[in-house]
Amino acid sequence: MHTEQTISRQIGYTVREIATPESAFDYWIQGCDETELLKQGEKEGYTYFPVKENGLFKGVMTINSLKSGDRKIMPLTSDWLIAADTPILHLLELFAEDDMRNFFVLSSSKIMGMVSPADLNRIPSRASVYLLVAHYETLLTELIRQEIGETDEALNRYLSEKSIEKARNTRNQERSEDLELPLIRYIYLFDLVEIIKRHDDLWDRLGFIKRDHANVLKFNTIRNAVAHLNNLLINTKDDIKKINDDCDKIIEYSQKISQLLRKKNI
């Protein structure tokens, strides 16, 4: 029986889990060693420094302002702040809109840290994206299970012998550990989408005009990014928008799949 799941950007960890703590900030303070500060800023790729006056967080100073010598301090407005309990997948959306932004993390009216686009490669960020993909794959598997069944014979009608054999080999490895599940649980995302394409009308019910248009459901970019622990989620700033777009589409099609499952269970 299908248990409905809400698929949204609330899935996963929060900004708190990836923030650089306030104690690690490189502050500009009146009388500080500016040469050393600039050296550190260029090494780390900073675009600005937080500013303290009389022990209080005053605002920010861009690295270019410090280089030029005008030392202009910009006040800390709400645009610079993000709540510590903001879901990481929502932070990803904000960075996709402006990949030059950093945010100071606010917890109980106090700045407790800072996040930048580079923090999207931290484990809680990768895990949040992985959880979104995992929820999507679970829904897709359940839709196919309810539509065509989960037996070897049912899957043989839609998949190549090579794909079936690969799934069987994986199942056989687990069989020795008494972990055997129906064959459909060992099918990869690529093959799940192939089933959608080859089914008489599943691709149509998901809103595709042609069968091959369902290839978008494979989400290769985001799936490859989280498939291996050594892969970085974000390699370039362009990746932020690509991964964010995939998240949008995964949520969209997860909702469509959920609607089809609801109809089948009414």
Side-chain angles (χ1 to χ4, degrees), residues 1-7 11-12 126-231 233 242-243 245-266:
M1 182 178 294
H2 171 61
T3 301
E4 186 168 341
Q5 305 173 60
T6 301
I7 308 298
I11 286 176
R126 289 173 46 81
S128 297
V129 173
Y130 178 84
L131 285 171
L132 183 68
V133 174
H135 276 267
Y136 162 70
E137 287 186 341
T138 299
L139 285 170
L140 194 58
T141 300
E142 181 63 17
L143 176 65
I144 292 171
R145 188 192 72 81
Q146 291 196 22
E147 191 67 32
I148 71 169
E150 57 188 14
T151 65
D152 294 26
E153 293 76 17
L155 294 173
N156 274 328
R157 297 200 302 270
Y158 294 92
L159 294 177
S160 67
E161 182 56 36
K162 181 179 180 180
S163 294
I164 293 292
E165 187 63 26
K166 191 173 183 179
R168 283 175 178 158
N169 288 339
T170 304
R171 182 176 63 182
N172 288 338
Q173 292 172 12
E174 293 194 355
R175 179 177 288 163
S176 62
E177 301 176 11
D178 296 326
L179 295 173
E180 182 181 355
L181 294 170
L183 190 63
I184 195 171
R185 303 299 173 182
Y186 302 95
I187 300 296
Y188 289 95
L189 177 59
F190 177 92
D191 290 318
L192 291 174
V193 177
E194 287 300 305
I195 293 174
I196 294 290
K197 289 166 55 182
R198 294 170 186 175
H199 189 273
D200 288 341
D201 68 347
L202 265 181
W203 53 273
D204 181 57
R205 280 188 267 160
L206 283 170
F208 297 107
I209 298 174
K210 297 182 179 179
R211 293 177 188 269
D212 285 346
H213 290 180
N215 280 324
V216 70
L217 297 175
K218 294 175 182 177
F219 296 109
N220 293 329
T221 298
I222 196 169
R223 191 67 181 83
N224 291 338
V226 298
H228 304 287
L229 287 177
N230 290 332
N231 288 356
L233 185 65
K242 291 177 184 177
I243 296 294
D245 287 346
D246 270 2
C247 286
D248 275 341
K249 289 294 184 182
I250 285 175
I251 292 169
E252 176 188 344
Y253 284 108
S254 292
Q255 291 170 348
K256 288 184 178 181
I257 294 168
S258 291
Q259 290 172 2
L260 291 181
L261 287 168
R262 282 198 298 271
K263 289 178 181 178
K264 288 187 69 66
N265 287 297
I266 290 177

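Residue numbers count from 1 along this sequence. For clarity, every value in this text was computed on a predicted model and none was experimentally measured.
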message: Is a donor from one side chain sitting under 3.5 angstrom from an acceptor on the other, for Q146 and E142?
response: yes
Any heavy-atom pair between the side chains of [Y] and [X] that's under 4.5 Å?
X: L139; Y: H135; result: no
X: K218; Y: E194; result: yes
X: L183; Y: T151; result: no

If you count heavy atoms of other groups shown closer than 6.0 angstrom to [atom1] of [X], is the number above 12?
X: Y253; atom1: OH; result: yes
X: K249; atom1: NZ; result: no
X: K166; atom1: NZ; result: no
X: Y188; atom1: OH; result: no

Under the side chain to side chain contact (heavy atoms under 4.5 Å, CB included) test, residues paired with D212 that sit two or more places apart: K197, N215
With rounding to the nearest 0.5 Å, note down the distance linking [atom1] in [X] to [atom2] in [Y].
X: L159; Y: I187; atom1: CG; atom2: CD1; result: 5.5 Å
X: C247; Y: I251; atom1: SG; atom2: CD1; result: 6.5 Å
X: L217; Y: L192; atom1: CG; atom2: CG; result: 10.0 Å
X: H213; Y: I196; atom1: NE2; atom2: CD1; result: 16.0 Å
X: L189; Y: E137; atom1: CG; atom2: CD; result: 5.0 Å
X: L202; Y: L260; atom1: CG; atom2: CG; result: 7.5 Å

How far apart are the closest heavy atoms of [X] and [Y], and which atoms are they?
X: G12; Y: L131; result: CA-CD1, 3.9 Å
X: G149; Y: I184; result: O-CD1, 4.1 Å
X: L155; Y: E150; result: CD1-O, 4.4 Å
X: A214; Y: W203; result: CB-CB, 4.5 Å

message: Please check: side-chain N/O of R185 versus main-chain N/O of T141, any donor-acceptor pairing under 3.5 Å?
response: no
Exam field: side chain N231 to backbone N224, donor-acceptor pair closer than 3.5 Å: yes
query: Would D246 and V129 count as a side chain to side chain contact (heavy atoms under 4.5 Å, CB included) if you check the C-alpha gap in whole Å, the side-chain angles of each, and the deciding distance to 0.1 Å?
result: CA-CA 10 Å; D246 270 2; V129 173; over 6 Å; no
- request: Given side chain to side chain contact (heavy atoms under 4.5 Å, CB included), test D245 with I222 step by step and report yes or no.
  value: CA-CA 9 Å; D245 287 346; I222 196 169; over 6 Å; no
- prompt: In terms of ring plane angle, is the pair H199 and Y158 parallel, tilted or perpendicular, where the classes change at 30° and 60°?
  reply: parallel
message: Using the rule given for salt bridge (Lys or Arg N to Asp or Glu O under 4.0 Å), can you reason through D152 versus R168, listing the C-alpha separation, both sets of side-chain angles and the distance that settles it, and then say yes or no?
response: CA-CA 9 Å; D152 294 26; R168 283 175 178 158; 3.4 Å; yes
